[in-house]
Amino acid sequence: MSLDPKLRQDILTSVDAGFEEQISFTQKLVSFPSTRGGEHAIQDFIFREYRKRGYALDRFSMDRDAILRHPGGSPWSEEHSDAPIVVGIHRPREETGRSLILQSHLDVVPAGPAGMWESAPFEPRISGDWMFGRGAADMKAGAAANVFAMDALTRLGLQPAATVTIQSVVEEESTGNGALMAHLRGYEADAVLIPEPEDEMLVRANTGVLWFQVEVSGLPVHVREMETGTNAIDATYRLIAALRELEEAWNARRHEHPYFDDLAHPINLNIGKIEGGDWASSVPCWCRIDCRIAIYPGTSAASAAEDIRSWIAAFAHGDPYLSNHPPQVTFNGFHTEGYALEPGSEAEAVLERAHVAAVGEPLKSFTTPGYLDTRVYALYDRIPALCYGPVSRNVHGFDECVSLSSVKRISGAMALFIAEWCGTEAKS
């Protein structure tokens, strides 16, 4: 049943009343340099904020063995974060509504050279409608919206009439193991909402992602005798060209996959890092590349990984040098599958009503060729997994920023969604 019009307006007014505080909260989150492995302080901060609000609390480490046993688990490298997962749990006096998970991740990607930013990446700056800073969009504005959408009900003397689990995870940018760990911990609900920066749209489908390293060996000699050696970096260039052929072969199959057939290039291979050699005047004897590639929903990570190994092996077999010195392939991060959110769920209908009320336009959906933690809930809990969030610019780039007016709109939509999906009761 739709919300009473007066309650709907009261909730939106409450979101507006708390928005200056929400902006300050978001700035505080952005000020933490929470790159991979450095998320402990920000997770401690969010733990304290959940405690202030009276939520039942859970803070736990990732169980490496349990993750690696699960089909959705990604490989565990030396760089894997050991920061905890933090969960705040609202429990109603009487469970009359539908339960909900609100999730965010507080790990961010590296900022890159500080000189390429207009202002320091971890010193949040507001200019007009935009808040700038690494993670402002991806996804600290969403993390704050989870908290303040609930606060909007509290200011009205209300609370959800169902269990709401607010999860703050890490490793979203590297493996997806944080969200999977919350699932393995036993948290479940009737729906999940994750406010990633999705331009006020609902994600209809997204890809899975694989991370892998390829290491190529060479034969080092002095450059005066270069023809007698083998340059590992040159050999790696040849290998990259072969991987580009795999990328195009996978893109050519997009018409076989619903929601992806209209995208020009849904499968993107990124050569994200390259290292090699020891000396400018020595033919390099090693080169290593770090790669990321997408896979379609319905394709298992294991089968895609085997395809990559086979493709590299076939190329090496036909290369005069690499045929005798096969490249070494290691899967070292994301090993995740994609999903599609089929239309027609009640959760989507409730979000659409909330969006129309808060934004004033019909809710649109789209397909994204990137990783999202919603895959855990779509694939393994099999519940409606809603990814929906604010307008942003330059995610993962310099001068990343999020639209504050959009954050207010989606926070209003989220608060309305919580109220209708979970129902409300007088705050205890």
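Owing to the predicted nature of the structure, the values given are computational and were not obtained by experimental measurement.
- Other residues, nucleotides and ligands contribute only 12 or fewer heavy atoms inside 6.0 Å of the OH atom of Y237.
- Sorted by first then second residue, the side chain to side chain donor-acceptor pair (under 3.5 Å) pairs that include residues 69-78, not counting sequence neighbours, are S77-E79.
- The side chain to side chain donor-acceptor pair (under 3.5 Å) contacts involving residues 207-217 comprise Q213-D290, where partners must be two or more places apart or lie in separate chains.
- R292 is linked by a salt bridge (charged side-chain N to carboxylate O under 4.0 Å, His left out) to nothing, counting only residues two or more places apart in sequence or in another chain.
- Take I308 and apply the side-chain contact (heavy atoms from CB on, under 4.5 Å) test, not counting sequence neighbours, and it matches L210, F212, L246, W250, I293, I312, F331.
- With sequence neighbours excluded, the residues satisfying side chain to side chain donor-acceptor pair (under 3.5 Å) with H40 are D82.
- Sorted by first and then second residue, the side chain to side chain donor-acceptor pair (under 3.5 Å) pairs with a member in residues 120-137 read S119-R125, D129-S403, D129-S405, R134-E400; sequence neighbours excluded.
- Scored by the salt bridge (charged side-chain N to carboxylate O under 4.0 Å, His left out) test, D151 finds R53 as partners (sequence neighbours excluded).
- Considering only residues two or more places apart in sequence or on other chains, H90 meets the ring-ring contact (aromatic ring centres under 6.0 Å, His included) condition with none of them.
- The stretch residues 175-193 participates, sequence neighbours left out, in these salt bridge (charged side-chain N to carboxylate O under 4.0 Å, His left out) pairs: D58-R185.
- Legend: residues meeting side chain to side chain donor-acceptor pair (under 3.5 Å) with E173, ordered by chain and number and at least two apart, are H396.
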Using residues 384-394 as the side-chain source, report each donor-acceptor pair under 3.5 Å to any protein atom, sequence neighbours left out, with the distance given to one decimal.
residue, atom, partner, partner atom, Å
Y388, OH, H355, ND1, 2.8
N394, ND2, F398, O, 3.4
N394, ND2, D399, O, 3.1

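- Applying the side-chain contact (heavy atoms from CB on, under 4.5 Å) test to W279 and every residue at least two apart in sequence or in another chain returns S281, S282.
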